[in-house]
2 protein chains.
Amino acid sequence: MDVLSAMAVFVRVVDLKSFSLAASELGISSSSVSKQISHLEQHVGARLLQRTTRRLSVTEVGAAYHEKCQAILADVDEAENLVSQLQGKPRGLLRINCNMTFGQLLLSKAIPEFMAAYPDVQLEVALDDSDVELLKEGFDLALRIAHPKLPDSSLIARQIASIPLFLCATPSYLAQHGHPQTPEDLRQHNCLVFMLASNTNLWTLTNAEGSQTVQVSGDLKANNSLLVLQAALAHRGVANLASFVIERYVEEGRLELLLPEFQAEQLSLYAIYPDRKYSPPKVSLFIEFFQGWLENNLQQKLHCQSRS
Amino acid sequence: MDVLSAMAVFVRVVDLKSFSLAASELGISSSSVSKQISHLEQHVGARLLQRTTRRLSVTEVGAAYHEKCQAILADVDEAENLVSQLQGKPRGLLRINCNMTFGQLLLSKAIPEFMAAYPDVQLEVALDDSDVELLKEGFDLALRIAHPKLPDSSLIARQIASIPLFLCATPSYLAQHGHPQTPEDLRQHNCLVFMLASNTNLWTLTNAEGSQTVQVSGDLKANNSLLVLQAALAHRGVANLASFVIERYVEEGRLELLLPEFQAEQLSLYAIYPDRKYSPPKVSLFIEFFQGWLENNLQQKLHCQSRS
DNA sequence: CAATATTAATTCCATAAAGATAATAATCAT
DNA sequence: ATGATTATTATCTTTATGGAATTAATATTG
């Protein structure tokens, strides 16, 4: 019997308090879960889980064993990371979690290049705006726009890019409501607010003379920049969006950049990853790669255009 | 693939520097060893052993992984011991190592009773007078007569019985050479020396007035008490043997106890076992059992007879 | 409060993977 | 080069896996 995989199954069952949930999460059948737990119980010679078809409880020995198993599985992981690191060659499954829109627009373009360059690394990407518990969920790497809260001290957050925001609106909207000439003018406009961090109603603009913060208002707040974008494209108002979101629309002339002499805020992109003793090369490799990729692909065209 | 058992195989291969030795020691086929190592290498994504059919060397990553594996296997063991201990029920394989003669004469009699009382414990007994490295060899418990040297601080030695030695010789020998009346008289006798510890030529005898040590000599020294016994039974001289060795011959009248008012040395029987965080109940169970058994079966008859 | 519905673990059976034995290939000593 | 020894491969047997049917326990509902 494969004790180690049975341990992994057992740990997952205890965490989720369900055979079937653990099964589907682990991608195996529930019958396999059932059998593996049974075998594990036989192996250690004690009942680990008290179960009826309806309720699941962990026995005293089960709880103690669960702790041990977690430690053992972590050690096994560490051993494999150690080998990876000594070996140097990036390899294995890299599980990435990324913000929704950023993932759709940018990460999605970088991934094929990465795959081509490193065929021995398998990718599994989840796009998700909620602050999942990254380690618990088994991600190797999370890409997060805006300052991450790191309740877990075993995580490292490293800023790998700055993402400039740009004020924009459609020519049609501007024709109707006028071009803002100063930041103060924004108060008179319908501002479409992208809620990413807190204080999203405050837009800060900087030029050579200093920066000023304007409290804006409008009839849309959304936590997804594509929603804000669509509203802007539909002539609903002024949006403050990341370069990579509006790029192609600015190029097409469907959106016009406002107050080009001002620099809007910059969002930061953070790579968040476990602070492990031996971190597998695939993680740092991807971070290096992506950082390089972003430098080449992120803040090129709009910058020129806006500052020209 | 069963990573854990593959790790165990790998560790054994590295220790023994041979696939085939590891196979025979682990009781599996060498093809299985070969496959498991290959799979493990695939799994971690690195070559662990550099091997030709003729020579075997451990790669750098292999050496590092080997260390990790040892720790992991120890932890798995500890986890199972923990379960055993919480569970309380003695169970599993108990591997005992014991001195040759003691094992043949006493342990051999205790074992069937133990087996009957605790059917869930499987026994594997090795009789061996050499000071094997107990932990390395995978024994749970060693029974050793005489003071053990414990180079390994992770071992506990617990005295579980005193084994009285008795001076004896055949009536025929005594008729020819006379009965010794004082310890000093032993110098005139051919003393058959059982070499167990050092200084085996010195016999210490104690009575109400104190103890005296006599340097004896003779034409036989042996490291096995049955050899000494046979020599004594063949009228070759005076022996100083453990009660359990000579018991039946004294009863039969083939051996006669000498200087009955004196107490000869006592050997100590030690139980030696790993000082583990969670020691499995089977070990302490056996020690308790055997200690009790020895109290009932060891120093009964001869004591009465000798002191009467 | 009882009968039923529902959900979750287990068992049964067909298939896939892993293990053992025996034969093969490979390497170093003589 | 040959032989002795050791790892690998081939074939067969045993064991594990996944899906359907079963069993069991609580929630629901009349």
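Everything quoted here is computed from the prediction, not taken from an experiment. Basis for what follows: all heavy atoms, side chains included, without hydrogens, waters or symmetry-related copies. Letters go in sequence order (proteins before strands), and every chain restarts at 1.
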Open item on the list: Tell me if the side-chain of S31(A) makes a donor-acceptor pair with the base of dG19(D), cut-off 3.5 Å, by modelled atom types.
Closed with: yes
TODO: Could you state the atom-to-atom distance from CG of L26(A) to C1' of dG18(D) in whole Å?
DONE: 15 Å
TODO: Measure the distance from CD on E41(B) to C1' on dA7(D) and round it to the nearest whole Å.
DONE: 12 Å
Open item on the list: I need the CG-C1' distance between L16(A) and dA9(C), as an integer number of Å.
Closed with: 16 Å
Open item on the list: If you compare every side-chain N and O of R55(B) against the phosphate oxygens of dT5(D) (OP1, OP2), does one of them come in below 4.0 Å?
Closed with: no
- [ ] Using a cut-off of strictly less than 4.0 Å, decide whether S34(B) has a side-chain nitrogen or oxygen near OP1 or OP2 of dT8(D).
- [x] yes
Task: Separation of atom CD1 in I28(B) from atom P in dA7(D), rounded to whole Å - done: 12 Å
- [ ] Show your working on side chain to side chain contact (heavy atoms under 4.5 Å, CB included) between V121(A) and M115(A) and close with a plain yes or no.
- [x] CA-CA 7 Å; V121(A) 179; M115(A) 289 166 69; over 6 Å; no
Open item on the list: Return whichever of G27(A) or V33(B) has its heavy-atom-nearest nucleotide of DNA chain D closer to the 5' end.
Closed with: V33(B)
Open item on the list: I want to check one thing: is the phosphate of dG18(D), taken as OP1 and OP2, less than 4.0 Å away from some side-chain N or O of S32(A)?
Closed with: yes
Open item on the list: What's S30(B) touching, base or sugar-phosphate or nothing? Going by heavy atoms closer than 4.0 Å.
Closed with: base
Task: Residue mapping more 5' on DNA chain D - nearest nucleotide basis, Q36(A) or K17(B) - done: K17(B)
Open item on the list: Could you tell me if the side chain of K282(B) sits less than 4.5 Å from the side chain of Y118(B), heavy atoms only?
Closed with: no
Open item on the list: Can you measure K35(A) atom NZ to dG19(D) atom P for me and round it to whole angstrom units?
Closed with: 12 Å
- [ ] Tell me whether the OP1 or OP2 atom of dA7(D) has a side-chain N or O from S20(B) closer than 4.0 Å.
- [x] yes
Open item on the list: side chain to side chain contact (heavy atoms under 4.5 Å, CB included) for L48(A) and E60(A)? Distances and angles first, verdict last.
Closed with: CA-CA 8 Å; L48(A) 299 172; E60(A) 196 185 344; over 6 Å; no
Task: dA26(C) phosphate, OP1 or OP2, under 4.0 Å from R51(B) side-chain N/O - done: no
Task: Separation of atom CZ in F10(A) from atom C1' in dA9(C), rounded to whole Å - done: 16 Å
Task: Ionic contact status for E80(B) with R276(B), cut-off 4.0 Å - done: no
Open item on the list: Using a 4.0 Å heavy-atom cut-off, does L56(B) contact any base of the nucleic acid, only the sugar-phosphate backbone, or nothing at all?
Closed with: nothing
Task: Nucleotide nearest S29(A) when distance is taken to its side chain, options dA16(D), dG19(D), dT10(C) - done: dG19(D)
Open item on the list: Counting the atoms with a prime plus P, OP1 and OP2 as sugar-phosphate, which does S18(A) contact under 4.0 Å by heavy atoms, base, sugar-phosphate, or nothing?
Closed with: sugar-phosphate
TODO: Round to a whole Å and report the spacing from CD of Q50(B) to P of dA7(D).
DONE: 14 Å
Task: Between C1' of dA16(D) and CG of L4(B), the distance in whole Å - done: 17 Å
Task: Close side-chain approach of F10(B) and V44(B), heavy atoms under 4.5 Å - done: no
